[in-house]
Structure formats: structure tokens, C-alpha cells
> 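Below is the structure I would like to discuss, written out as C-alpha cells.
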2 protein chains.
Amino acid sequence: MADLVYQKIITSLKKSIDDGEYSDMRLPDERSLAESYSVSRSSIKRALGLMADQGIIFKKRGSGTFVNPLYLKQGSSFSYSGKNLGITDSFNANGQKPGVKVLKFDVVHPDKDLQDNLFLKPSEFVYSFERLRFLDDVPFMIETGYIPIKLAPELSEQIASESIFNYVESELGKEVNKTYLTISAQPSDEEGKKLLNLSANEPVGLMEGIFFLDDGTPFEFSTMKLHYKYFKYDSFVDLGNK
Amino acid sequence: MADLVYQKIITSLKKSIDDGEYSDMRLPDERSLAESYSVSRSSIKRALGLMADQGIIFKKRGSGTFVNPLYLKQGSSFSYSGKNLGITDSFNANGQKPGVKVLKFDVVHPDKDLQDNLFLKPSEFVYSFERLRFLDDVPFMIETGYIPIKLAPELSEQIASESIFNYVESELGKEVNKTYLTISAQPSDEEGKKLLNLSANEPVGLMEGIFFLDDGTPFEFSTMKLHYKYFKYDSFVDLGNK
DNA sequence: TTCATAAATTGGAGCGGCCCAATTTTATAC
DNA sequence: GTATAAAATTGGGCCGCTCCAATTTATGAA
């Protein structure tokens, strides 16, 4: 992917771990690694630091660096920590065919909440749309999105039926790659029962998120209601002080 | 809390942001900051990097560093990104009084799943316990936990009625500060209806987690069923390549 | 052998420098 | 004026070094 030193080291170390080279669960010390890779200790530290953030390894001062045993036991869903987003690409991996149906596509004024979240004046307009998403033709998610028209003037129902983020990236040269997510759950409402084929006692998972452009501009406010069986979010959390 | 340079810089910068010193949403460049704080640019980079990870600021190469506008708008729950854990302390902040009732406390053999997750042999024993947690005397969470006896030989129902992690830290000198969480939702089962006063259509939020000691040893496998109204998880996600 | 102490190991923090890439600003030419 | 090119700005990556703190290992006295 990249020719960055620390990236290559991460890739290499992962491979070594997968290959079972560190059967005692212990990695060489940073100074040795620096020498054997012929890079500075700083780069090793960066690589190991990122891997620790991802939960692949544990570092302990004075003691050493260790492989997270669960990283080996595959099936423990280690591949997508913090990544189950409502984005087309995120769902491809499973080999299922994604589909989108646009239920609504309008232009409206933002209400107070939306003004706050997207930093808009009451007079500004936003696109308001609702999409139903499928996996292998089974509906699993209702998505309600709001995007300021000034940020994507040419947005259309046609684009919404494909991938908005891809459009933004390829046509507008902007990138959406950060999001602030709030995750919760609710009993299914009428819409959920109807569109997601839920019965009364079956809930929906809620992912409310604000998506940002790379310069920090809030780009979209999105509420995703997921069929509870498709609702799963993984994350590795460091409770450390830092 | 700490006398670390980058920590103090973070604290200081946060204060400056809160005080509205950067009304144009733009922070000084790294080199200037380094000079005005009389520290190296490396330390500034570290501080800004961490703040970016937390979603407080956005960095853009060639352009500058900007405040996340949502960080200002308080109420947008920015204080606890990635932290709504089932730990005593996490719930204190809201000013509500936490309570615990131990429903079960046994020693059993781990089943296959548990053996995998905690890396145990079938012959080894684990503590098995179930706790009901309260906030202001209202039950909101059912917690089912498993801890290998070899990791906490002296564990008791008494300890479980208080804080297990505090005990581990103060008495065993170990620290539990990392966890791998899987978040999902389910219709409420009989237990949930009874203990959490849920009606048939009201769901529970599920947080399944493996808690680790600082050296990477899996310490506890825990399943937390939360009353859906108390179920909320916030996180700031960077979809970047990295 | 046991146990306290000293030494070596190992990751953490910080410095200050170098060059580069993306972006913005300024200068220049038409 | 406007478009183009050059220069300055700004964050990214990497190096290599110093010192420190936590831990482990080796040492040596009782």
C-alpha cells in the first residue's frame, strides 16, 4: 500500500506473528528490531505503538513486548476493530452483495439539532434522503442522511443510489474519513417493522454519526437503523490514562 | 495527573480552545507552538497527534491544524469517546449512585468458548458470577463474568460485591486496562424482563468483552446486558489508511 | 538456601535535526 | 486582470541520540 517504513515494519511483524515465529508470545526488544530492520528505534516504536493501539500486541515497560494471544485465534473478529461503518465498502468484505434503494430524496431546511451538528444557519438548505440497504437482497438497514447543499451542490438521487462518499472523493476531490459515532439500541418502530421485516419484540441497532471532511468540516449527519442481527460493532479499548 | 510534557501541552491547548482563543478554528503551526511552549516540535507533534485521535482537532498537511467545531458545542458528548465500559468508575461521572448485587458466585469448568477466549485448559477452573448493577437503585445491567481462579485465587463473593478490578489492582498489583469489546443488541430474554423491568418489545444492549492484564493475559470474559435506555457507546473513528 | 542489593534489560519520554509532500501565498508574465 | 510559476508555509516521516522508570536478572552476603 505504502512505502512508509513503519508500515512495512508492521506488515512484516504481522507476518512473523502469523507465521508463529514468536512462539513464546514475545517479540524482540526494540533495539534489536531496529538493528535487524536497519531502521531507527523511533520507527520501530511507531510501528509497535500502532500495533498496540490495534490490540495486536501489548507493551510493558521493563519487561518486553508480547503478542495478544487472541490475535492468533482467528474468528475472534480482529480484522475490523472500530470499523463497522455504514459505508458501502465496509460491508463488502463478507462476500455478500450490497444493494441500495433510495426511499426519499429532498431538499429541506435543517432543524435546530441539525444546525448544531452540521454548523449551519437556519437559512441554509440540506439534502435529506432515506436509503434502504440490502445484503444479498435482504434489507438490513435504514439510513437517514443530511448533507448541506453547499458542500455537494450537484448531489442527486442517482448518486445517492450508488455511493455518495465515492462521488465526493472522485468528483469533488474531498475525502470523508472521520466520524463521530454514537451507538445505541431501540425497540423497532413502524418503519423498522415494515422495511426490515422485524416483529414487535425485535429491536434495531442505532448508529448516529457525524461524518467529517478531512479539514474538519462536518459533511453529513446520518442515522442508521440496523436490523439487530446485522448490528455488531467491534472495538479495542485502552482504558489507560494517557 | 502527570508531569509529562505532551500531557501538559494537551491540557493547555484544550483550555485555550475552550477559552475561545482560536476563534478562527485554527491553531498556530507546530513550529510556533514548539517555540512558545519552549519544547521540541516532536512533543508538539505528539500532543497534537493524540488530540487528533480523540477527534478534538483535525490536521491537514500543508494547510494547518483546526479545531473540530463539534468539540466546542458541548452536549455533543465529547468527553468519553470509547469509554462506556461496564466498570464501576465509568458510571460515577454522571453523579448517579452505583450499586451492585451479586446474584451468583460459583467455580466451574470453562466451556469450549471460554477456553478459547481466556486461553485455558479444560481442566482449569474459573470463577463464574452474575451481578446486577444499579444506578440510583434502578437496575440497569446484568453482568456475567468469568475469571480464571489462577489469576485471582482469593476472589470472593464479598469482593465481587464491590469492585473486582480495584481489588486486582490494589491487592494483586496487576492492572486491567485494555479490553476487546463486541457491541450488539438483542430482544430481551426472560432474565432481562424480570431483572431490568423490561417489557417484551424492549431490547437489551449487549457488550461482550475480554479484559486484559497489562501484560496481555486475558483476565476476564464478561457479558453485559444493558437496559436499552442506559445503553450508549460513543467513539471517534478514523477511517484513514494508516 | 534465602533474601536483599546491584546491575543489566527494556520500553517511555524528549530533543533537535533532516528532508519531503501537500497546500497556500506571492511573484511574475502575458 | 488573469493565468502561470515560483516561493514560503505547514504537517509527515525518519533519524539518532540522551536520559529516565519499570522490570528482570545476576550478584553476594548471611
> Using a cut-off of 4.0 Å between protein heavy atoms and nucleotide atoms, how would you tag nucleotides 9-14 of chain C 5' to 3' with B, S and -?
-BBBSS
> Do you see a donor-acceptor pair shorter than 3.5 Å between the side chains of A:D234 and B:T182?
yes
> Can you list, pair by pair, the side-chain donor-acceptor contacts under 3.5 Å of residues 17-26 of chain B, counting residues two or more places apart and other chains?
from: B:D19; atom 1: OD2; to: B:K15; atom 2: NZ; distance (Å): 2.8
from: B:D24; atom 1: OD1; to: B:R26; atom 2: N; distance (Å): 3.3
from: B:R26; atom 1: NH2; to: B:S63; atom 2: O; distance (Å): 2.6

> Is there a side-chain contact between A:F129 and A:I147 in this structure, where contact means two heavy atoms from C-beta onward sitting under 4.5 Å apart?
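Side chain of A:F129 against side chain of A:I147, heavy atoms only: contact under 4.5 Å found.
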> For residues 40-60 of chain B, pull every pair meeting ring-ring contact (aromatic ring centres under 6.0 Å, His included), keeping only residues two or more places apart or in separate chains.
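For residues 40-60 of chain B, and leaving out neighbouring residues, the ring-ring contact (aromatic ring centres under 6.0 Å, His included) pairs sorted by first residue read A:F212-B:F58.
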> Side-chain donor-acceptor contacts of residues 34-44 of chain A below 3.5 Å, not counting sequence neighbours, with atom names and distances?
from: A:S36; atom 1: OG; to: A:S32; atom 2: O; distance (Å): 3.2
from: A:S36; atom 1: OG; to: A:L33; atom 2: O; distance (Å): 3.2
from: A:Y37; atom 1: OH; to: A:S12; atom 2: OG; distance (Å): 2.4
from: A:S40; atom 1: OG; to: A:S42; atom 2: N; distance (Å): 3.4
from: A:S40; atom 1: OG; to: A:S43; atom 2: N; distance (Å): 3.3
from: A:R41; atom 1: NE; to: A:E30; atom 2: OE1; distance (Å): 2.9
from: A:R41; atom 1: NH2; to: A:E30; atom 2: OE1; distance (Å): 3.1

> Return all side-chain donor-acceptor pairs below 3.5 angstrom for residues 150-158 of chain A, not counting sequence neighbours, or 'none' if the list is empty.
from: A:K150; atom 1: NZ; to: A:E124; atom 2: OE2; distance (Å): 2.8
from: A:S156; atom 1: OG; to: A:Q158; atom 2: N; distance (Å): 3.4
from: A:S156; atom 1: OG; to: A:I159; atom 2: N; distance (Å): 3.2
from: A:Q158; atom 1: NE2; to: A:E162; atom 2: OE2; distance (Å): 2.7

> Measure centre to centre between the rings of A:Y127 and A:F105, then say whether the value is under 6.0 Å.
yes
> Any side-chain donor paired with an acceptor under 3.5 Å for A:S235 and B:Y233?
yes
> Rounded to whole angstrom units, what separation is found between the CG atom of B:L33 and the P atom of C:dG16?
16 Å
> Nearest whole angstrom, please: distance from the P of D:dC14 to the OH of A:Y37.
14 Å
> Bend across the helix from C:dT1-D:dA30 to C:dC30-D:dG1, to 10°, with axes taken over 5 pairs at each end?
10°
> Starting from C1' on D:dT24, measure out to CG on A:D24 and report it in whole angstrom.
15 Å
> Taking atom C1' of D:dG13 as reference, at what distance in whole Å does atom CD1 of A:I9 sit?
12 Å
